[in-house]
Amino acid sequence: VGSSKLQFTDFPGMPLLPRLLVKASLCPRGFVHKPAALLAKSTCRSLTGTPRLLIGNSAGILSRSSWLLSGSAIFLSAGCASLAVHARSNQGAHCEEATAGAKDVAEAALQKVDHKAEGCISRALGLLGGIATMTSLVVVWSSVFLMPLGLLYAITAARWDVAVGLGSIFAAPHLLKLPRLGLLRRPFLNGAKRWLGPAGTCRFVDLSSGKNSEPEPEPAPKDKGGQQMAGTAQRRQLWCLHPHGIYTIGYLNVLEQRPDIRMLSSSFLYHYAPVFRLFVETFLGVKQGSVGRTDLTQMMKKGDSPLAMVPGGFHEATISCPGHERVFLKERRGFVKFALRHGYDLVPVYTVGEADLMANPQGGWSWRFAMNACSLPAVLPWGFPLAPLFPRRGVPLVTAVGPAVRMPHIAKPTDSDVAEHHARYVAAL
């Protein structure tokens, strides 16, 4: 089509960007709307040996097919590349040896696995439930990135009806209070477990009752009148989940054991991903919040507890690699500063096997971390072979909760205070 001479007089009133895309022959029929037949006729005259019957809907079908084939080819190529390089990593994992008592408790808990024999029908139904659960997970995560692109396209193409509709969806969570119904909570959690494997594949080990050699913390914070602040009858806790992985499936183990916990996501997911927020709050019935500075300060001042967050964020997702247990924690100290400022204990939570659920090529750290800083996860996941965006099956997933690292209440912590207690948390993890 590069040699065809398109007369833009055939496209009156078309915005500039669609015209340029038509000239580059990159537009599907849905983009150029009515002049698709005219485009097909002009193209057929410029190509030798092309049947002139290629008009109207045929042009749109071929154009959409080329988009689908091109996208599939790119995705498959990227997936093959990720499978080829996922074993190549910069360094091995460095693991601290656990204490004897903690190892005994963990081994005893892991041995208490109830393997029940299942029939063919039960396994088939469980697999179907798992497929439905993973499909919904992929759709929700895809909407996080596709909806902003759709809004940008609608504005660029002057499709103001679509732009207004999408804008209303973005504004709905901020204007309306979403009800927490929790209709899909139990089916979703069970479906995720059934997809990963049989009973015992996903396990939860509670080591929080172990002996703590940490010194006694300061008393619970009090207000200016000397009265204990609301919500501090029990010590407030901030659960810190590691590693991020691709989907943070370990979060599901925590939500099943602690339904009262408030899940803190990135500011982008909380404020600009309405489908994600609607699904998590309304259909799963999970309390949600944001790790943004203003949002987190407001929640901690109110004494909201327990809170849960993933300190490593997208950086930790980027360094996720099968066969290696990694966390992005050395330079992440903001959560420690907030915990000291508002008197929150830090609860280390680690999910062994999270990194093995999906392959993710390593390298290119400078530009990938730059993308992460813009709230764009620089990951290229490849999981189950027949459905690459699904996690792998048969990977044991063990979520362990350790004893809380008790934090003093320091209204204005210094850098040395933050460094000291950050080191305590790293050692506990």
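Throughout, residue positions are numbered sequentially from 1 according to the sequence presented. These numbers come from the heavy atoms of this one structure, side chains and all, not from hydrogens, waters or symmetry mates. Given the structure is predicted, the values throughout are model-derived calculations rather than measurements.
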Worksheet item: For D415, does the CG atom sit with more than 12 other heavy atoms under 6.0 Å from it, leaving out its own atoms?
Response: no
Worksheet item: Can you tell if the side chain of L178 reaches within under 4.5 Å of the side chain of L278, non-hydrogen atoms only?
Response: yes
Practice prompt. Start with the C-alpha distance between M147 and V275, add both sets of side-chain angles, then the distance that settles side-chain contact (heavy atoms from CB on, under 4.5 Å), and finish with yes or no.
Written response: CA-CA 9 Å; M147 286 193 65; V275 175; 3.3 Å; yes
Fill in: Distance in Å, C202 SG paired with L189 CG, rounded so as to fall on 0.5 Å steps
10.0 Å
Worksheet entry | Side-chain touch E316/V327, heavy atoms, less than 4.5 angstrom | yes
Discussion item. Is there a salt bridge (Lys or Arg N to Asp or Glu O under 4.0 Å) between E256 and R186? Walk through the geometry before answering.
Written reply: CA-CA 8 Å; E256 185 177 28; R186 181 54 55 186; 3.2 Å; yes
Worksheet item: Would you find a donor on one side and an acceptor on the other, under 3.5 Å apart, between the side chain of R185 and the backbone of L284?
Response: yes
Item to complete: Ignoring hydrogens and angles, tell me if any N or O in the side chain of H242 forms a donor-acceptor pair with the backbone of L429 under 3.5 Å.
Response: no
Worksheet item: Where do Y247 and L389 come nearest, in terms of heavy atoms and distance?
Response: OH-O, 2.8 Å
Response to the item:
Distance col, row W382:CH2 vs R392:CZ, nearest 0.5 angstrom, shows 11.0 Å
Item to complete: For K302 and D304, run salt bridge (Lys or Arg N to Asp or Glu O under 4.0 Å): C-alpha distance rounded to whole Å, both residues' side-chain angles, the deciding distance at 0.1 Å, then the answer.
Response: CA-CA 6 Å; K302 294 178 181 178; D304 197 347; over 6 Å; no
Worksheet item: What residues form a ring pair (Phe, Tyr, Trp, His ring centres under 6.0 Å) with Y251, not counting sequence neighbours?
Response: none
Item to complete: On the 0 to 90° scale, with breaks at 30° and 60°, tag the F369-F328 ring pair as parallel, tilted or perpendicular.
Response: perpendicular
Practice prompt. Answer yes or no: does atom CD1 of I121 have more than 12 heavy-atom neighbours from other residues, nucleotides or ligands under 6.0 Å?
Written response: no
Discussion item. Whether the side chain of R393 engages the backbone of G197 through a donor-acceptor N/O pair (distance < 3.5 Å, no angle test) should be reported.
Written reply: no
Worksheet item: Given R341 and K412, is the side-chain contact (heavy atoms from CB on, under 4.5 Å) satisfied, shown in steps?
Response: CA-CA 6 Å; R341 185 179 295 166; K412 296 181 180 180; over 6 Å; no
Discussion item. side-chain contact (heavy atoms from CB on, under 4.5 Å) for I261 and V254? Distances and angles first, verdict last.
Written reply: CA-CA 8 Å; I261 206 164; V254 175; 4.1 Å; yes
Item to complete: Check for a donor-acceptor pair, side chain of N360 on one end and backbone N or O of C321 on the other, with a separation under 3.5 Å.
Response: no
Fill in: Minimum-distance pair of heavy atoms, taken over all atoms of G245 and S320
CA-OG, 3.8 Å
Worksheet item: Does S305 use its side chain to pair, donor to acceptor, with the backbone of Q237 at less than 3.5 Å?
Response: yes
Worksheet item: Testing R424, R236, R235 for salt bridge (Lys or Arg N to Asp or Glu O under 4.0 Å) with D345, which one passes?
Response: R235
Discussion item. For a side-chain contact (heavy atoms from CB on, under 4.5 Å) check, start with the C-alpha distance between F283 and V140, then their side-chain angles and the critical distance, and finish with the verdict.
Written reply: CA-CA 12 Å; F283 295 106; V140 169; over 6 Å; no
Worksheet item: Which atom pair, heavy atoms only, marks the closest approach of D417 to L340?
Response: O-CD1, 4.0 Å
Practice prompt. Measure the CE-CE distance between M263 and M309 for me, rounded to the nearest 0.5 Å.
Written response: 12.5 Å
Discussion item. Do the side chains of E281 and K287 get close enough for a salt bridge, i.e. N-O under 4.0 angstrom?
Written reply: no
Worksheet item: Below 4.5 Å, heavy atoms only, C-beta onward: do H422 and V426 meet side chain to side chain?
Response: yes
Worksheet item: Mind checking whether L296 and S290 have side chains closer than 4.5 Å, heavy atoms only?
Response: no
Item to complete: Could you tell me whether a side-chain N or O of R368 sits under 3.5 Å from a main-chain N or O of G363, the two making a donor and an acceptor?
Response: yes
Worksheet entry | Listed once per pair and sorted, the ring pair (Phe, Tyr, Trp, His ring centres under 6.0 Å) pairs that draw on residues 160-197, sequence neighbours left out | H174-H271, F188-F279, W195-F384, W195-F390
Response to the item:
The reported gap from CE in M358 to CG in L380 (rounded to nearest 0.5 angstrom) is 9.5 Å
Worksheet item: Any side-chain heavy atom of V401 sitting closer than 4.5 Å to one from V205?
Response: no
Worksheet item: Which distance, rounded to the nearest 0.5 Å, do you find between the CG of L196 and the CG of L357?
Response: 6.0 Å
Worksheet item: Does R203 use its side chain to pair, donor to acceptor, with the backbone of V398 at less than 3.5 Å?
Response: no
Worksheet item: Are any side-chain N or O atoms of E354 and backbone N or O atoms of G250, one a donor and one an acceptor, separated by less than 3.5 Å?
Response: yes
Worksheet item: Which heavy-atom pair separates H409 from G343 by the least distance, and what is that distance?
Response: CD2-N, 3.5 Å
Item to complete: Give the minimum heavy-atom separation between A404 and V347, together with the two atoms involved.
Response: CB-CG2, 3.9 Å
Item to complete: For residues T399 and L241, determine if any side-chain heavy atom of one lies less than 4.5 Å from a side-chain heavy atom of the other.
Response: no
Worksheet entry | Nearest-0.5 Å distance that lies between atom CG in D356 and atom OG1 in T351 | 12.0 Å
Worksheet item: Side chains of T318 and N372: do they bring a donor and an acceptor to under 3.5 Å?
Response: yes
Discussion item. Are F335 and Y425 an aromatic pair, judged by ring center distance below 6.0 Å?
Written reply: yes
Worksheet item: Any idea which heavy atoms bring A419 and R333 closest together, and the distance?
Response: CB-NH1, 3.5 Å
Worksheet item: Would you say V418 and T414 make side-chain contact, with heavy atoms under 4.5 Å?
Response: no
Worksheet entry | Non-hydrogen side-chain atoms of L264 and Y270 separated by less than 4.5 Å | no
Worksheet entry | Verdict with reasoning, F145 to F276, per ring pair (Phe, Tyr, Trp, His ring centres under 6.0 Å) | CA-CA 11 Å; F145 309 103; F276 177 85; over 10 Å; no
Practice prompt. Compute whether any side-chain donor of one residue and acceptor of the other, for E325 and Y350, lie under 3.5 angstrom apart.
Written response: yes
